[in-house]
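Just below is one structure, and these are the notes that go with it.
Quick caveat, the model's predicted, so the values are computed rather than measured. Proteins get letters first, then strands, A, B, ... in listed order; numbering begins at 1 in each.
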Protein chains: 2
Amino acid sequence: MRFALQEQVFTAGEAMAATGLTRATVLGVCDGLVDAGWLEEVVDGAGVPASKGRPARRYQLREAAGVVVGLDAGESCLTALVADLRGRQLGKRRRNIDSHALGRAGRVAAAQELISRTLSDAGCGASDVLLTVVGVPAPVDSAGLSPAGGEFWQLMNAGFAKALPGAVSIENDANLAAVAEQAQEPSANVATLLSGERFGAGLIVDGRLLRGRQGGAGEMRFLDVFESSPGLGDGGSDGLGALARKWARAEIQSYAGTTSLRELSGDAIQAEDVFQAARGGDPLAADIIGRLGARLARIAVVLSSLLDIERVVIAGGISSAIGPVLEHARRLLPADTGLPLPALVASTLGADAVVQGAVESALIQIRREPLAIFPKAARSGPRTVQEGPAA
Amino acid sequence: MRFALQEQVFTAGEAMAATGLTRATVLGVCDGLVDAGWLEEVVDGAGVPASKGRPARRYQLREAAGVVVGLDAGESCLTALVADLRGRQLGKRRRNIDSHALGRAGRVAAAQELISRTLSDAGCGASDVLLTVVGVPAPVDSAGLSPAGGEFWQLMNAGFAKALPGAVSIENDANLAAVAEQAQEPSANVATLLSGERFGAGLIVDGRLLRGRQGGAGEMRFLDVFESSPGLGDGGSDGLGALARKWARAEIQSYAGTTSLRELSGDAIQAEDVFQAARGGDPLAADIIGRLGARLARIAVVLSSLLDIERVVIAGGISSAIGPVLEHARRLLPADTGLPLPALVASTLGADAVVQGAVESALIQIRREPLAIFPKAARSGPRTVQEGPAA
DNA sequence: GACCTAAATATAAGATCCAAATAAATTCTC
DNA sequence: GAGAATTTATTTGGATCTTATATTTAGGTC
């Protein structure tokens, strides 16, 4: 009942090739999907390459069926993205927030408002939304819930399900980033490291996203055990961006050599400053880059050796500046293992990886079970009263 | 087409309850399986609890359909197990080998001979074997092959497929141990550590066994990176048994205190001696136990934090003596994580975990697709000549 | 217009399953 | 032992999904 062809206008013949089904069956399914409101027949004859034989009937996704919403509900930033059923962006908005000041209800309200505005930008309303997928920086189990013990996790997974438009599904942010990367370049064994403020990984092994009992797969707490955090007592779960900032701020005074980073006020140094200084040849910054690379290399080794991961993607806001760290990490990968080394690459999605993955995930869910969702203004929605054997 | 009820005699009513299908459907399937030779109807009325109504037809697995063979093809030891379709052991043999002296062909020949003898013990022959599952200490991909680069792996995965009776499937040994443990106590997120000479893990996440691109999931090479092997330069991939032995042998001279282990000739010390000395209160042995526990705790932390594993099972020959190491490791698990700690338990299968898992895996494959395999002396095997439209 | 072609339709048939009616085999009751 | 009650087996019809095989249709080309 799933149809793989949804990108553009398609004919029954193409669907037959893609699904292996017979023409009669394909047309039957298309009929059903037209009835349900998911597809519409294209009557406009423009652009047909004038072939021999009877012209094929052509179908396309019915745009009016609705839109999907992706929401990256980070700790300090919300991003909403409205897209049509082909994944084309119709609107996007970003807004900084202070989650700890807002609390759970405040996060939900801020998300509601941001989505509402983004929908306006896109020229549609809440009733057009078929499915909203939310990414949160917390483990999320298959029911959309986070472990009861974690206060931070409960704040992040703030109970969006009832408040957002359309059906709502909640997912871990790194998992969504992995979905986005998987859509960009399919691979059966990838890890996507979401590495800005916190470290989190979306793990795809044997073509499937790992979740774990409570959604904890991909958490990076294990770094705490091995990295005895020289200098700082904080968690190994800090992302590369956070580490670059913290290390720089902590070391500009004690560092023996000269460093351009001192010119900045200590509290003002951001991760981006460190990367930029390193590009300019600053020795302290280069040292920090080296340590970040070493850290990344260790993570890559664990992922590749324990899970046979073939590609490690660094995603998140810092992915555009992460190049030098990757180069350093590549040099540190052990060369003598029997298995090929994982490729270390930077995401091309930048800060939008999570929200793009959210949209992609929504589209995947809809494609998988279109008949479980009612498109807007379906020609025959929930069945009207039937004459029948209800006596 | 799969049937879940195969343990004992069962009725259509029971199968209906188990599968949710209709009586008519269940009986139809049973008919087909009787035809194919997998089931037989029980006519002996003994043991029927004398109920009201028409007596149910009762079916059971047809023992004569064949047997399965499990083979643990370790580096220094082969174990073969012949079992019937209910998993009951019909014969078992173990034999020590020197793989490096035998080479690939020698390993295959030794396996052939061992299986042949075990089949004799069980009162059957090679033609009775439906499926042989082989566990090897090497990564194995879904095609049964090991990475081309690894010389040791190629020696272990010695090309058994063409030489052993029945259909043959090759699997990683730790993965098979995981299957065996899973059969003992089902759980969706378990790691089974096969830890005698070498470390290897069978990882079950979200109810599925992880494989990885080249079958490398569960390899423990990452330990090399973190454990800088104090004292010994050897690989972190050594199992707990190997480490206990190596550490004891290396330290009996340099150890400052008194230790009963000195009474043994250095080259004669085995892992079992260390565990026994520790039970007797020997300080060096206790120290080694402590270090093994610390190592195990670190592994457990990685598995639980990265994969949200809820249970870590220690399997293999040393599992019976591993208790004190587990106790030590449990005390070292961090207490402050938001997620529950993994349970550390010893396997109850001892040295038979892999071979038991091989048999279990064979039975699972047969249950999943009975009609893909022809049972022996099927009443209607490969279809005989049909009158048909073959003109 | 005759002819060709590829697709759409129509029709029949098989497979799979369920639901309901019918038949069979047994125990229980009188 | 006859008949009721009970439980299961068997049969029948139908719904659904799919394939296979005509047959029709909507365009081209000559």
Side-chain angles (χ1 to χ4, degrees), chain A residues 1-5 8-36 38-60 368-372 380 383 386-391, chain B residues 1-5 8-36 38-60 368-372 380 383 386-391:
Chain A
M1 208 45 103
R2 80 181 58 173
F3 58 107
L5 291 163
Q8 279 303 327
V9 176
F10 66 96
T11 67
E14 289 159 15
M16 287 165 63
T19 62
L21 297 176
T22 291
R23 163 163 276 112
T25 310
V26 165
L27 288 173
V29 171
C30 287
D31 264 9
L33 290 170
V34 168
D35 255 27
W38 285 112
L39 292 182
E40 58 192 4
E41 206 170 335
V42 184
V43 285
D44 175 16
V48 203
S51 68
K52 291 190 270 190
R54 176 173 177 168
R57 284 169 67 172
R58 285 144 61 241
Y59 299 90
Q60 65 184 0
R368 185 160 40 208
E369 288 212 61
L371 299 188
S380 68
R383 292 277 175 279
Q386 292 180 322
E387 74 274 278
Chain B
M1 205 47 98
R2 80 181 60 173
F3 59 106
L5 289 164
Q8 279 303 327
V9 176
F10 67 95
T11 67
E14 289 159 14
M16 288 165 63
T19 62
L21 298 174
T22 291
R23 164 164 274 113
T25 309
V26 166
L27 287 173
V29 171
C30 287
D31 264 10
L33 290 169
V34 168
D35 255 27
W38 285 111
L39 292 182
E40 60 192 1
E41 205 170 336
V42 183
V43 285
D44 175 15
V48 203
S51 67
K52 289 192 272 190
R54 174 172 177 166
R57 286 169 65 171
R58 284 145 61 242
Y59 299 90
Q60 65 185 0
R368 186 161 39 208
E369 288 213 62
L371 300 188
S380 68
R383 293 276 175 278
Q386 292 179 323
E387 74 274 279

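- Remark: P of dA7(C) and CE of Met16(A) are 8 Å apart, rounded to the nearest angstrom.
- Put simply, CZ on Arg58(A) is 15 Å from C1' on dA8(C), counting in whole angstrom units.
- Taking the side chain to side chain contact (heavy atoms under 4.5 Å, CB included) definition, one finds that Arg54(B) meets it with nothing, sequence neighbours left out.
- Between the C1' atom of dT8(D) and the CZ atom of Phe10(B) lies a distance of 15 Å, rounded to the nearest Å.
- In terms of phosphate contacts, Thr25(B) brings a side-chain nitrogen or oxygen within less than 4.0 Å of OP1 or OP2 of dC18(C).
- A 4.5 Å side-chain heavy-atom check between Phe10(B) and Val42(B) finds every atom pair outside the cut-off.
- Candidate nucleotides dT9(C), dT18(D), dA9(D) were compared by shortest atom distance to the side chain of Leu21(A), and dT18(D) ranks first.
- Contact between Val9(B) and Arg58(B) at its shortest, heavy atoms only, is CG1-CB, 3.6 Å.
- Between Glu40(A) and Gln60(A), some side-chain heavy-atom pair lies under the 4.5 Å cut-off.
- Rounded to an integer number of Å, the gap from Arg57(B) CZ to dT26(C) P is 13 Å.
- Between the side chain of Thr19(A) and the backbone N or O of Leu21(A) there is at least one donor-acceptor pair closer than 3.5 Å.
- Counting only residues at least two apart or in different chains, salt bridge (charged side-chain N to carboxylate O under 4.0 Å, His left out) contacts with residues 19-28 of chain B are absent.
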Between protein and nucleotides 23-25 of chain C, what N or O pairs are separated by less than 3.5 Å?
residue: dA24(C); atom: O4'; partner: Arg54(B); partner atom: NH1; Å: 3.4
residue: dA25(C); atom: N3; partner: Arg54(B); partner atom: N; Å: 3.3

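- Note that the two end axes of the helix from dG1(C)-dC30(D) to dC30(C)-dG1(D) enclose an angle of 20°, each drawn from 5 base pairs, rounded to 10 degrees.
- Note on Gly20(A): only backbone sugar-phosphate atoms sit closer than 4.0 angstrom, heavy atoms only; bases stay farther off.
- For the pair Lys52(B) and Arg23(A), both in contact range of DNA chain C, the more 5′-proximal nearest nucleotide belongs to Arg23(A).
- Put simply, the side chain of Trp38(A) does not reach to within 4.5 Å of the side chain of Cys30(A), judged on heavy atoms.
- Distance, Asp31(B) CG to dT8(D) P: 18 Å, rounded to whole Å.
- Of the candidate nucleotides dT7(D), dA7(C), dT11(D), dT11(D) has the atom nearest to the side chain of Ala24(B).
- Contact annotation: the side chain of Val26(B) never approaches that of Tyr59(B) to less than 4.5 Å [non-hydrogen atoms, C-beta and beyond].
- We find that CG of Leu27(B) is positioned 15 Å from C1' of dT12(D), with the value rounded to whole Å.
- Within the structure, every pair that satisfies the salt bridge (charged side-chain N to carboxylate O under 4.0 Å, His left out) test and touches residues 25-34 of chain B, not counting sequence neighbours, is listed here: Asp31(B)-Arg57(B).
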